[in-house]
K.L.:
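One structure follows; several queries about it will come next.
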Protein chains: 2
Amino acid sequence: MNLTPTARVILGMIRHGRPTGYEIKQLVDVSTRFFWAASYGQIYPELARLEEAGLVESEPDPSSARRRREYRLTAEGERALDEWLASSGDLIYEVRDEGLLKLFFSDSLEPEKQLELIRAMRDHHQGIVDQLNAVEPGAREKGGGPYRVLRYGLRVHSSYVEGFDDLEKELQAEYGVVA
Amino acid sequence: MNLTPTARVILGMIRHGRPTGYEIKQLVDVSTRFFWAASYGQIYPELARLEEAGLVESEPDPSSARRRREYRLTAEGERALDEWLASSGDLIYEVRDEGLLKLFFSDSLEPEKQLELIRAMRDHHQGIVDQLNAVEPGAREKGGGPYRVLRYGLRVHSSYVEGFDDLEKELQAEYGVVA
DNA sequence: TCAGTCATGTAACCAGTTACATGATTAC
DNA sequence: GTAATCATGTAACTGGTTACATGACTGA
């Protein structure tokens with residue numbers, strides 16, 4: 001009953017009230033995206049596999065004018081989801097941050113280019129903070145896990161921004177630049 | 001001259017004084033690993049491709065008793081590395097954090113399990129902080145990009161730990177647990 | 001002598017993205 | 001009418017891990 005990575009988001013999202021591939025993708029894109037992304041190219045085939053495996057079942061939504069297939073968890077699916085949530089093995093934790101990699105190798109770069117890099121990273125994380133802030137009110141109302149995760153994200157990405165601000169000042173001091 | 005992701009670490013590490021696949025992997029594992037990993041299964045084939053493409057050249061190390069192939073950057077390779085470092089397009093930034101995904105869906109979990117999850121994540125990041133602290137003295141001495149990256153990592157992972165500590169207290173209060 | 005480390009490499013697999021294709025419905 | 005959005009899906013590709021295989025050298 002071992003779930004593939006994408007299956008975990010999908011089952012979770014179905015229980016969370018997102019019964020179609022499309023709706024799952026929509027919610028992922030404004031919530032889990034920053035720590036767990038998913039593309040249509042993963043979602044639709046995985047839904048089919050999950051149905052084949054008996055963890056979900058589906059039927060076309062007749063109340064909708066457009067083509068629309070609604071999924072729900074089977075008893076098996078509920079069990080598999082709970083099992084994963086309660087499991088206590090190693091948790092996947094992977095990061096790929098090209099900016100940090102550049103920074104690591106940045107000693108050969110001109111100061112101005114180094115600053116440019118740091119500012120780009122700062123802006124990127126500030127952008128995430130902004131996006132999180134934009135959904136904060138709605139999330140606060142609902143509370144629970146999603147809201148906890150949101151606040152966590154807000155905290156760490158703000159800490160990123162601070163870190164880059166400090167780095168920028170430090171570099172400017174080092175190279176004798178006057179702001 | 002577009003470098004594959006792994007090519008960037010490799011070229012950077014060669015310039016940084018790690019001329020063999022083995023040594024590249026060793027350094028990656030204690031430095032960039034937390035934001036840019038690489039496995040032997042990527043490194044060795046990529047070295048061969050880079051040589052084929054003329055970005056590196058190599059010869060067996062005669063001064064070594066064991067089999068050992070030393071790579072160095074060609075002029076082409078130097079140029080490609082510099083070009084990447086100075087480029088200013090979008091930077092890859094990807095995270096996959098299974099713990100946060102669980103937390104997102106954790107509302108159906110018993111409080112005790114929720115706390116367990118939060119503690120596991122806390123411990124994981126504390127472990128990273130410990131590992132970073134272990135290499136801090138050596139990195140401080142050398143300074144430059146690697147040291148900047150290290151301090152950044154220390155900062156954000158400490159902020160993760162704090163975040164989870166707070167979350168734990170919050171949950172305990174919510175569920176009326178007395179520490 | 002034997003465990004550990006240095007050192008290179010391959011094959012099978014896994015998980016993911018991007019781009020494309022299709023078409024209906026809704027809002028302006 | 002037409003642009004945006006809803007909605008599903010596939011094919012080609014990319015980038016990566018894991019496990020395995022091999023063997024020499026080094027230090028206790």
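None of these values were measured; they are calculated from a predicted model. Letters A, B, ... are given to chains in the order of the sequence lines, protein chains preceding strands, and every chain is numbered from 1.
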K.L.:
Rounded to the nearest Å, what distance is computed from the CZ atom of residue B/Arg68 to the P atom of nucleotide C/dT5?
P.N.:
18 Å
K.L.:
Roughly, in whole Å, what's the span from CG in A/Leu47 to P in D/dT10?
P.N.:
11 Å
K.L.:
CZ of A/Arg18 versus P of D/dT8: gap in Å, rounded?
P.N.:
14 Å
K.L.:
Here's one to test your reading of the geometry: is the NZ or CZ of A/Arg148 within 45 degrees of the ring axis of A/Tyr152 and under 6.0 Å from its centre?
P.N.:
no
K.L.:
Sugar-phosphate means primed atoms, P, OP1 and OP2; the rest is base. With that split, encode nucleotides 12-18 of chain C 5' to 3' as B, S or - using protein heavy atoms under 4.0 Å.
P.N.:
---SBBB
K.L.:
Nearest whole angstrom, please: distance from the C1' of D/dT8 to the CD of A/Glu59.
P.N.:
17 Å
K.L.:
Quick one: B/Arg49 CZ to C/dG9 P, roughly how many Å, whole number?
P.N.:
13 Å
K.L.:
Looking at A/Asp61 and A/Arg67, is there a salt bridge between them, counting it only when a charged N and a carboxylate O are closer than 4.0 Å?
P.N.:
no
K.L.:
The helix from C/dT1-D/dA28 to C/dC28-D/dG1: angle between its terminal axes, five pairs each, to 10°?
P.N.:
40°
K.L.:
Who pairs with A/Arg119 by salt bridge (Lys or Arg N to Asp or Glu O under 4.0 Å), at least two apart in sequence or on another chain?
P.N.:
A/Glu112, A/Glu168
K.L.:
Which residues pass the ring-ring contact (aromatic ring centres under 6.0 Å, His included) test with A/Tyr93, not counting sequence neighbours?
P.N.:
B/His124, B/His125
K.L.:
Between D/dT8 and A/Tyr44, is there an OP1 or OP2 to side-chain N/O distance shorter than 4.0 Å?
P.N.:
yes
K.L.:
What pair of heavy atoms forms the shortest contact from A/Leu85 to B/Phe105, and how long is it?
P.N.:
CD1-O, 3.7 Å
K.L.:
Mark yes or no: A/Arg33 above the aromatic ring of A/Phe35, with NZ or CZ under 6.0 Å from the six-membered ring centre and no more than 45 degrees from the axis.
P.N.:
no
K.L.:
Should B/Tyr22 be listed as having a side-chain N or O under 4.0 Å from OP1 or OP2 of C/dT8?
P.N.:
no
K.L.:
Give a yes-or-no answer on whether the side chains of A/Tyr160 and A/Gln126 include a donor-acceptor pair shorter than 3.5 Å.
P.N.:
no
K.L.:
Which whole-number value in Å describes the distance from B/Lys25 NZ to C/dT5 P?
P.N.:
15 Å
K.L.:
Can you check the B/Asp61 CG to C/dA7 P distance for me, whole Å?
P.N.:
8 Å
K.L.:
Using 4.0 Å as the upper bound for N to carboxylate O, is an ion pair formed by A/Asp165 and A/Arg122?
P.N.:
yes
K.L.:
Round to a whole Å and report the spacing from CG of B/Asn2 to P of D/dG15.
P.N.:
10 Å
K.L.:
Cationic tip of B/Lys25 within the cone over B/Tyr40's six-membered ring, i.e. under 6.0 Å and within 45° of the normal?
P.N.:
yes
K.L.:
Walk along nucleotides 20-28 of chain C from 5' to 3' and tag each nucleotide B, S or - by protein heavy-atom contact under 4.0 Å, base first, then sugar-phosphate.
P.N.:
-----BS--
K.L.:
With B/Asp107, which residues qualify under salt bridge (Lys or Arg N to Asp or Glu O under 4.0 Å), at least two apart?
P.N.:
none
K.L.:
I'd like to know whether A/Ser58 forms a side chain to side chain donor-acceptor pair (under 3.5 Å) with A/Glu51, so could you lay out the CA-CA distance, the side-chain angles of the two residues, the decisive distance to 0.1 Å, and finally the verdict.
P.N.:
CA-CA 8 Å; A/Ser58 73; A/Glu51 181 149 39; 3.0 Å; yes
